[in-house]
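Please read the structure below before turning to the comments.
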Amino acid sequence: MKFLKRSLDRIKPQFEEGGKLHSLKSVYDGFDTFLFTPNETAKPSGGVQVHDSIDSKRTMIIVVLALMPCFFFGMYNTGYQHWLAAGETSFPFWSLMLYGFLAILPKVIVAYVVGLGIEFIVAQIKKEEIQEGFLVTGILVPMICPVETPNWMLAVAVAFAVIFAKEVFGGTGYNVFNVALITRAFLFFAYPAKMSGDHVFVATGKMLGFGPTVSDGFSCATPLGQIATSTGGNLDLTGIGGYALSWWDAFLGLIPGSFGETSVLCICVGALILLLTGIGSWRIMLSAVAGGLLMGWIAYWCQTPTYPASYLNGWEQLLYGGFAFAVVFMATDPVTAARTETGKYIYGFLIGVIAVLIRTYNNGYPEGAMLAVLLMNAFAALIDYCVVQSNIRRRLKRATAKTA
Amino acid sequence: MEINLKKGFDLRLAGAVPPGSKPRAVAARVVAIVPDDFPGLSPKLEVKEGDQVMRGQALLRDKAFEYLKVASPAAGTVKSVVRGARRKIERVVVEVAADKPQAFDTKATDRASALSLLCASGMLARMRQRPYDIVPRPDRVPRDIFVTAIDSAPLAPSLASLVQGKSKELAAAAKLLSLVTDGKVYVTVGADWTLGDIAGAQMVKAQGKHPVGNVGVQIANIAPVNKGETVWGLDVVTMAKIGSLVLTGQVDTTANVAITGSEAKDPCMVLTTEGVALAELLKGELPGDDKHVRIISGNVLTGVAEKEDSFLRFPYRQVTIIPEGDDADEFMGWASLSPNKMSASHSFLSFGKKLFKPDARILGGRRAMIMSGQYDKMIPMDIMAEYLIKAILAKDIDQMEKLGIYEVAPEDFALAEWADTSKIPLQQIVRDGLDYLRKELE
């Protein structure tokens with residue numbers, strides 16, 4: 001470690017103003033602070049003399065850690081669905097994992113290279129330190145996209161989201177909308193044919209020549225896709241090969257869907273990590289689940305064949321699609337969520353309600369979680385405004401009561 | 001009256017003074033007054049180098065209110081007046097000689113005479129006024145006066161033990177202070193209070209974590225400051241000194257100082273004089289030269305880092321010695337699984353009642369506000385801290401007033417600044433905001 005530190009210190013002058021490699025200063029700083037905690041100490045006066053050990057890097061890495069169960073499960077499930085599609089009957093664990101790994105790796109690389117690349121450039125232009133926000137976004141993006149999304153589309157979408165949803169607002173901490181969801185929404189609206197329907201949620205090709213062959217023209221819709229197109233209140237959901245899917249399959253996650261968001265079990269593990277470390281807001285998670293359940297049950301009580309998703313009951317609504325993932329990992333993004341404690345209850349609750357509302361009563365969108373979170377991102381500031389106003393009114397009332 | 005605070009956090013630091021340890025006496029040879037310790041005061045010199053001064057005699061006065069003085073902690077000769085950039089007075093150093101106290105006329109029967117005694121003896125300069133967290137402006141009548149008998153800061157000495165046996169003084173002080181205010185004199189005490197009720201004061205029992213001892217937090221939970229109101233705050237040690245002034249006509253400048261911190265060789269209480277030179281105070285307490293340490297006059301949250309050749313700063317009751325940490329070179333500290341990481345968040349593996357030895361590193365880079373609700377957990381006041389900070393940064397006076405800037409002082413944000421993931425200098429922001437507001441409105 002001493003050697004590494006010395007080498008870093010030795011090459012440092014080249015990155016300073018006037019040095020040969022000054023144009024890479026943000027990159028150097030990024031690596032330097034990543035490898036070694038800065039030795040900068042507190043100012044002598046006017047502030048605290050010691051600081052909490054937590055920093056932005058730690059916070060972000062905890063979120064990435066919380067995503068890992070879903071990520072690994074996604075690898076397995078991608079392989080599993082492919083094997084199913086190929087009509088195989090045995091499912092060798094490591095082969096499935098390898099296949100899933102090969103399927104997702106290019107997407108992770110594309111997301112990080114494009115996104116972090118832009119972050120590095122912006123940090124250099126603004127002469128700031130690199131912000132860690134994209135560490136999370138970069139892993140979220142591949143997890144919320146269908147596995148068959150072409151890499152170039154992903155690159156375009158990530159670039160669009162990072163520049164227009166984040167950097168133009170001032171970078172991490174200033175963005176109004178969740179960057180990962182903007183990526184997803186961009187893909188969804190710019191390339192609707194490639195991002196929905198029954199051809200994208202199961203990997204059909206071989207990965208570097210690895211994996212069994214799937215016949216051409218194979219298709220399988222996600223459970224929510226099937227529900228949206230079903231008629232007459234017939235909710236017999238089927239997986240690949242026509243076997244029946246139950247809510248238990250949806251809970252475990254062995255169903256077609258976006259890479260990381262199928263397994264509610266793994267999402268719960270992630271949620272546990274976020275809640276135990278205090279990084280994710282329990283207020284938002286709790287109220288979003290309450291909102292989803294309430295709206296789910298309302299829809300269930302007023303079920304009608306016009307809206308087939310209303311045949312799912314309240315808790316089934318939570319198990320299918322991206323609802324759980326959105327509640328745990330998207331809605332709790334502190335920058336784009338409501339920031340006041342009271343506001344978080346309202347914000348989360350409305351996300352739950354609107355996600356199920358869209359999914360049930362808009363047949364055009366089989367899934368509403370993404371749109372619900374984005375919509376509430378837009379309203380978060382308004383919710384906070386109302387909460388802050390109530391504090392202001394309380395103070396004003398106190399002052400006038402005194403003089404009266 | 002009782003207040004019970006849920007919010008806040010107690011830093012568990014190593015280096016507390018062991019209970020029951022014998023205090024050490026240190027005779028001061030040089031003492032100093034630092035004008036920066038008295039915010040809001042525009043200091044003018046009352047003495048020049050070489051002058052003989054008595055204990056309690058004025059060294060400085062305020063520019064606007066000439067009768068508002070800062071008193072000398074000891075009798076002796078004015079050795080030097082150290083000036084900084086633009087001739088700003090940085091400190092006035094007095095070489096201590098044989099003790100000779102200045103006598104004050106203590107027959108205060110009305111507001112004017114009580115106030116002039118407090119001003120002339122330098123006691124008013126030890127108090128703080130809200131709004132603005134400055135030395136009280138003597139032309140304003142305080143709505144109430146708040147006294148804290150709790151120092152909840154990390155490793156701080158128990159204030160109750162420092163005024164042990166001073167019931168008479170406290171009662172005399174309460175009487176004097178009641179003359180100055182139209183309202184009440186509140187004294188907020190913790191569980192360690194043994195003196196019982198003070199005659200003439202409204203006693204308040206408080207419990208909770210730090211910052212329960214902050215006078216501002218107590219005010220906010222007893223009777224918050226509204227726009228246009230003025231309240232004063234002080235600690236119970238100062239109150240006892242006011243009482244002793246009333247009873248004896250002399251200014252008591254003895255100081256009980258806790259030497260604390262993980263790098264202090266022998267944490268102990270020291271009986272000495274206010275403003276004592278740190279070199280004398282810390283003799284035998286500092287580790288060798290090869291170790292980078294930070295000497296903090298005060299506690300780790302609101303104190304001031306000082307060099308060894310400097311002096312003890314107001315409120316003259318604690319020194320904390322911690323590692324500086326500028327030579328730590330910690331590899332990937334953000335990924336640490338070490339149980340020695342102190343944090344209010346639960347993202348580190350440091351559980352239980354363990355004591356920590358933090359150094360002065362910032363431990364991260366400054367970021368925009370990312371996490372929400374962090375400040376609110378650390379500030380037990382009805383203040384939307386994050387929005388107030390944003391209003392201050394935006395210099396939006398209207399919004400600052402609406403969000404309650406008159407109720408706060410920098411020290412109330414100290415704990416939030418410590419816990420902040422984004423390492424934003426909240427205390428400095430609040431201080432700048434208060435100064436800006438005062439400049440614009442007065």
Side-chain angles (χ1 to χ4, degrees), chain A residues 1-2 4-5 29 33-62 129 131-133 170-174 276-279 281 283 334-335 337-341 344 384 387-388 391-392 394-396 398-399 402-403, chain B residues 224 226-227 294 296 300-306 320 322 324-336 341-348 358-365 367-373 376 382 384 386-387 402-404 414 417-423 425 427-428 431:
Chain A
M1 292 311 120
K2 279 250 159 63
L4 193 59
K5 179 72 194 163
D29 277 348
T33 58
F34 178 85
L35 289 172
F36 291 96
T37 302
N39 278 342
E40 185 191 355
T41 54
K43 282 192 313 170
S45 66
V48 290
Q49 305 284 337
V50 293
H51 283 81
D52 195 310
S53 299
I54 196 164
D55 68 342
S56 186
K57 286 186 177 60
R58 181 78 176 189
T59 310
M60 299 300 170
I61 220 70
I62 296 276
E129 268 188 60
Q131 315 254 323
E132 294 85 357
T172 304
Y174 299 106
L276 286 180
T277 55
I279 304 280
S281 163
R283 289 181 177 83
V335 176
R339 298 187 69 86
T340 53
E341 304 297 288
K344 283 173 186 166
D384 285 339
V387 176
V388 173
N391 176 281
I392 289 174
R394 193 158 61 238
R395 182 164 292 109
L396 211 63
R398 194 179 75 202
K402 199 76 185 276
T403 51
Chain B
N226 296 307
K227 187 184 172 183
R294 174 171 286 222
I296 301 161
V300 290
L301 294 176
T302 56
V304 184
E306 288 286 0
T320 313
I322 59 168
E324 178 73 22
D326 56 348
D327 51 354
D329 289 343
E330 189 184 0
F331 183 66
M332 295 220 280
W334 55 269
S336 173
K341 291 273 187 178
M342 183 172 65
S343 176
S345 80
H346 304 290
S347 67
F348 289 89
D359 56 40
R361 280 177 302 158
I362 293 169
L363 297 168
R367 296 288 180 270
M369 267 180 216
I370 294 175
M371 301 304 285
S372 58
D376 294 335
D382 186 20
M384 308 229 86
E386 204 181 299
Y387 289 87
K402 284 180 177 168
L403 290 169
E417 182 180 338
W418 167 75
D420 188 8
T421 305
S422 300
K423 317 289 178 189
Q427 292 189 84
Q428 191 63 54
R431 171 48 68 201

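What you see is a predicted model, and the numbers here were worked out from it, not measured in a lab. Sequence lines set the chain letters: A, B, ... in the order given, protein chains first and strands last, and positions in each chain run from 1.
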Q | side-chain contact (heavy atoms from CB on, under 4.5 Å) between A:Thr340 and A:Val388, intermediate numbers included | A | CA-CA 8 Å; A:Thr340 53; A:Val388 173; 4.2 Å; yes
Q.
Using the rule given for salt bridge (Lys or Arg N to Asp or Glu O under 4.0 Å), can you reason through A:Glu40 versus B:Lys423, listing the C-alpha separation, both sets of side-chain angles and the distance that settles it, and then say yes or no?
A. CA-CA 12 Å; A:Glu40 185 191 355; B:Lys423 317 289 178 189; over 6 Å; no
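Ranked by heavy-atom pairs under 4.5 Å with chain B, the list A:Gly173, A:Ser53, A:Pro334 is led by A:Ser53. Ranking A:Leu276, A:Val387, A:Thr33 against chain B, the residue ahead of the rest is A:Leu276, based on heavy-atom pairs under 4.5 Å. For the options A:Leu396, A:Thr59, A:Ile392, A:Val50, heavy-atom pairs under 4.5 Å to chain B are most numerous at A:Val50. Most heavy-atom pairs under 4.5 Å with chain A: of the set B:Asp420, B:Asp326, B:Asp327, this distinction falls to B:Asp326. Contact tally against chain B (heavy-atom pairs below 4.5 Å) for A:Gly278, A:Ser281, A:Gly133, A:Ser56: the top residue is A:Ser56. Between chain A and the residues B:Ala328, B:Ala360, B:Ala419, the most heavy-atom pairs under 4.5 angstrom are made by B:Ala360. Contacts with chain B were tallied for A:Val48, A:Leu4, A:Leu35; A:Val48 has the most, counting heavy-atom pairs under 4.5 Å. Interface summary for chain A: among B:Gln428, B:Arg367, B:His346, B:Lys341, the most heavy-atom pairs under 4.5 angstrom belong to B:Arg367. The most heavy-atom pairs under 4.5 Å with chain A, out of B:Gln427, B:Arg361, B:Met371, B:Met369, come from B:Arg361. When each of A:Gly46, A:Ala42, A:Ser45, A:Ala338 is checked for heavy-atom pairs under 4.5 Å with chain B, A:Ala42 comes out on top.
You'll find the side chain of B:Ile370 stays beyond 4.5 Å of the side chain of A:Glu132, heavy atoms only.
With a threshold of 4.5 angstrom between heavy atoms, B:Ser345 approaches chain A through its backbone and through its side chain. Using a 4.5 Å cut-off between heavy atoms, A:Thr172 touches chain B through backbone and side chain atoms alike. Contact annotation for B:Glu386: only side-chain heavy atoms (C-beta onward) come within less than 4.5 Å of a heavy atom of chain A. Heavy-atom distances place no part of B:Arg431 under 4.5 Å from chain A, backbone and side chain included. Heavy atoms of B:Tyr387 lying under 4.5 Å from chain A belong exclusively to its side chain. Interface residue B:Ile296: only side-chain heavy atoms are found under 4.5 Å from chain A. For A:Ile54, the parts sitting under 4.5 Å from any heavy atom of chain B are the backbone and the side chain alike. For chain B, the nearby part of A:Ile62 is the side chain; its heavy atoms alone come within less than 4.5 Å.
Sorted by first and then second residue, the salt bridge (charged side-chain N to carboxylate O under 4.0 Å, His left out) pairs with a member in residues 43-55 of chain A form an empty list; sequence neighbours excluded.
A:Glu341 places no side-chain N or O within donor-acceptor distance of the main-chain N or O of A:Arg283, the cut-off being under 3.5 Å.
With rounding to the nearest 0.5 Å, the separation of CD1 in B:Ile362 from CD in A:Gln49 is 10.5 Å. Atom-to-atom distance recorded for A:Arg58:CZ and A:Ile279:CD1 is 8.5 Å, nearest 0.5 angstrom. Once rounded to the nearest 0.5 Å, the distance linking OG1 of A:Thr41 with CD of B:Glu324 reads 4.0 Å.
Using a 30° and 60° split on the angle between ring planes, A:Phe34 and B:Trp334 fall in the tilted class, from 30° to 60°.
For A:Asn391, the side chain to side chain contact (heavy atoms under 4.5 Å, CB included) partners are A:Arg394, A:Arg395, B:Asp382, B:Met384, B:Leu403, not counting sequence neighbours.
When only modelled atom types and interatomic distance are considered, B:Asp329 and A:Asn39 share a side-chain donor-acceptor pair under 3.5 Å.
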